[in-house]
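A short worksheet on the structure shown next.
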Amino acid sequence: MAAAPRGEEAAAWSEEAARLVWGGAVPLQVHLHDADVTALPPPPPFLTLGPRVGYFPLLVSTIKAHFSSSLPPGVDTVWFEYKGLPLKWYIPIGVLFDLLCADPERPWNLTVHFRGYPADILSPCEGEDSVKWNYNNSLKEAAFIITGNSKNVMNMSQADQLAMWESVRKGDLNSYMNISTKLKLGPFEEDFLVRTSSLGPRQGSDEPESPGSVKPCRVPVRLYVRRVQEDLEYLEDAIPVSDWESVSYINRPLEIRKEGGRSYIALEHALETLLPEFFSSKPTARAADPEPAATTPGSEPDGSDTSPGTPRDEKPASAGLQETDVAKKTKLKLVRVQGIELDMDIPFLWVANNLKNPECYLHVCVYVGA
């Protein structure tokens, strides 16, 4: 495989990739649930574009305006569902689409509810405030994984914090880049030395590095593993996800180790390292469901909804350059990132640098036959 482009050409590629990621959208056809219809005839569905890096609660004001004449009186408790499955509001729209639509459905037909919030399935959501809280939490986690602490995010000025959130909310890449570059959370480099100390999270960035070494490369990754029929031949025949128990939601950073020279980690090797419970022949403990981070200030996790835990609870998976002898015990059907079905030999660090979300996490949807 040809070497990745360097210098100006690589920078141009990265800039173009970022614009494509931020400009990506899922065509949505939103139907009002029958129980919320109070006027006849029922309102027509609402057609809109859902930004791939955006979140469903940020679309509520526009969608509500379309259905306002048909809604019942009272306090809104808005949530979305797809084929009977309540959608987790803190997962980006593009990730939900890639995960739940094995065969991409365009437009994506969803149902919106303004009453009857399924609190036993979804964590509480107070609209934009909850999404902002979740985004900031995830950004702090990513900073901790990459640098060893969250000081660069915690020390942002109020003006920069507001400007960054507004850029995410509005999908304004230029404004986002003006702020995010100050955080120094990337790009992930291929040329680095490895620490010889413990692989666990460090005490902080003030900890001195070993002589002759620099920080290892740690990549924040969120994996969504969906089980489909083992004998599945066509994606359109995949059984729809009926509950979230059939999806493994794993927050697991990847630490890449090497001994001098250049590193090259293919996506296949990265997945084998990140998901040993699915690909390794050795018995491993299944990753525990992480505690919700997507909670509003002052609220407590309800125990029914899982989202990424704090970075200090995470142990990075480590990948070396040596070849691995992995006896796969599951059949990998599909890997999607930002709507792209990726080849297994693509350089992992290229994927991490160019297809990550605004909170600096790489979201990977994996379909496995089970």
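These numbers come from the heavy atoms of this one structure, side chains and all, not from hydrogens, waters or symmetry mates.
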Whether [X] side chain and [Y] backbone form a donor-acceptor pair below 3.5 Å:
X: Trp79; Y: Arg115; result: yes
X: Asp98; Y: Gly339; result: yes
X: Trp244; Y: Pro86; result: yes
X: Thr38; Y: Ser70; result: yes
X: Asp76; Y: Val78; result: no
X: Asp160; Y: Ile179; result: no
X: Glu81; Y: Gly84; result: yes
X: Tyr367; Y: Leu99; result: yes
X: Ser150; Y: Val153; result: no
X: Lys333; Y: Leu232; result: yes

Enter the distance from [X]:[atom1] to [Y]:[atom2] here, rounded to the nearest 0.5 Å.
X: Glu15; Y: Glu8; atom1: CD; atom2: CD; value: 12.0 Å
X: Lys132; Y: Leu58; atom1: NZ; atom2: CG; value: 12.0 Å
X: Asp237; Y: Leu235; atom1: CG; atom2: CG; value: 9.0 Å
X: Thr273; Y: Glu268; atom1: OG1; atom2: CD; value: 10.5 Å
X: Tyr90; Y: Ser123; atom1: OH; atom2: OG; value: 5.5 Å
X: Leu275; Y: Ile250; atom1: CG; atom2: CD1; value: 5.0 Å

Should [X] and [Y] be counted in the same cluster of Ile, Leu, Val, Met, Phe, Trp and Tyr side chains packed under 4.5 Å apart?
X: Val228; Y: Val247; answer: no
X: Ile340; Y: Leu271; answer: yes
X: Leu85; Y: Trp108; answer: yes
X: Trp13; Y: Met177; answer: yes
X: Leu96; Y: Tyr82; answer: yes

With heavy-atom distances below 4.5 Å as the criterion, would you say the side chains of [X] and [Y] are in contact?
X: Leu185; Y: Thr147; result: yes
X: Leu59; Y: Ile93; result: yes
X: Tyr234; Y: Asp103; result: no
X: Val221; Y: Arg252; result: no
X: Leu100; Y: Leu87; result: yes
X: Arg336; Y: Pro104; result: yes

Would you name the heavy atoms of [X] and [Y] that are closest together and state the gap between them?
X: Leu254; Y: Ala270; answer: CD2-CB, 3.9 Å
X: Arg226; Y: Cys101; answer: NH1-N, 4.2 Å
X: Tyr135; Y: Trp165; answer: CB-CZ3, 3.8 Å
X: Pro43; Y: Phe67; answer: CG-CD2, 3.6 Å
X: Asn149; Y: Asn152; answer: O-OD1, 4.2 Å
X: Leu362; Y: Phe348; answer: CD2-CE1, 3.8 Å

Mind listing the side-chain donor-acceptor pairs of residues 20-35 below 3.5 Å, one per line with the distance, residues two or more places apart or on another chain?
{"residue": "Gln29", "atom": "NE2", "partner": "Asn109", "partner atom": "OD1", "Å": "2.7"}
{"residue": "His31", "atom": "NE2", "partner": "Asn109", "partner atom": "OD1", "Å": "2.8"}
{"residue": "His33", "atom": "ND1", "partner": "Ala35", "partner atom": "N", "Å": "3.1"}

Residue pair Ser248, Phe278: steps toward the side chain to side chain contact (heavy atoms under 4.5 Å, CB included) verdict | CA-CA 11 Å; Ser248 295; Phe278 291 96; 3.9 Å; yes
Exercise. Does atom CE of Met344 have more than 12 heavy-atom neighbours, drawn from other residues, nucleotides or ligands, at distances under 6.0 Å?
Worked result: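 Atom CE in Met344 is crowded, with more than 12 foreign heavy atoms closer than 6.0 Å.
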- Inspect the surroundings of CD1 in Ile239 and state if more than 12 heavy atoms from other residues, nucleotides or ligands are less than 6.0 Å away.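 Atom CD1 in Ile239 is not crowded, with 12 or fewer foreign heavy atoms closer than 6.0 Å.
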(Q) Assess whether a salt bridge exists between Arg169 and Glu166, defined as any Lys/Arg side-chain N lying under 4.0 Å from an Asp/Glu carboxylate O. (A)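 Yes.
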**Asked** Should Ser175 and Lys170 be marked as a side chain to side chain contact (heavy atoms under 4.5 Å, CB included) after you check the CA-CA gap, both sets of side-chain angles, and the distance that decides it?
**Response** CA-CA 10 Å; Ser175 296; Lys170 297 177 181 178; over 6 Å; no
Item to complete: Would you please test Asn251 and Tyr361 for side chain to side chain contact (heavy atoms under 4.5 Å, CB included) and show each step?
Response: CA-CA 10 Å; Asn251 210 35; Tyr361 266 93; 3.4 Å; yes
Could you label the plane-to-plane angle of the Tyr249 and Tyr224 rings as parallel, tilted or perpendicular, counting under 30° as parallel and over 60° as perpendicular?
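Taking Tyr224 first and then Tyr249, their aromatic rings lie parallel (interplane angle under 30°).
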From CA spacing to verdict: side chain to side chain contact (heavy atoms under 4.5 Å, CB included), Ser180, Met164: CA-CA 7 Å; Ser180 64; Met164 173 169 272; 3.7 Å; yes
For residues 351-359, dump all side-chain donor-acceptor pairs below 3.5 Å to protein atoms at least two apart in sequence or in another chain.
{"residue": "Asn353", "atom": "OD1", "partner": "Phe188", "partner atom": "N", "Å": "2.6"}
{"residue": "Asn353", "atom": "ND2", "partner": "Phe188", "partner atom": "O", "Å": "2.9"}
{"residue": "Asn353", "atom": "ND2", "partner": "Leu349", "partner atom": "O", "Å": "3.1"}
{"residue": "Asn354", "atom": "OD1", "partner": "Ser14", "partner atom": "OG", "Å": "3.0"}
{"residue": "Asn354", "atom": "ND2", "partner": "Trp350", "partner atom": "O", "Å": "2.9"}
{"residue": "Lys356", "atom": "NZ", "partner": "Asn353", "partner atom": "O", "Å": "2.9"}
{"residue": "Asn357", "atom": "OD1", "partner": "Gln338", "partner atom": "NE2", "Å": "2.8"}
{"residue": "Glu359", "atom": "OE2", "partner": "His363", "partner atom": "NE2", "Å": "2.5"}

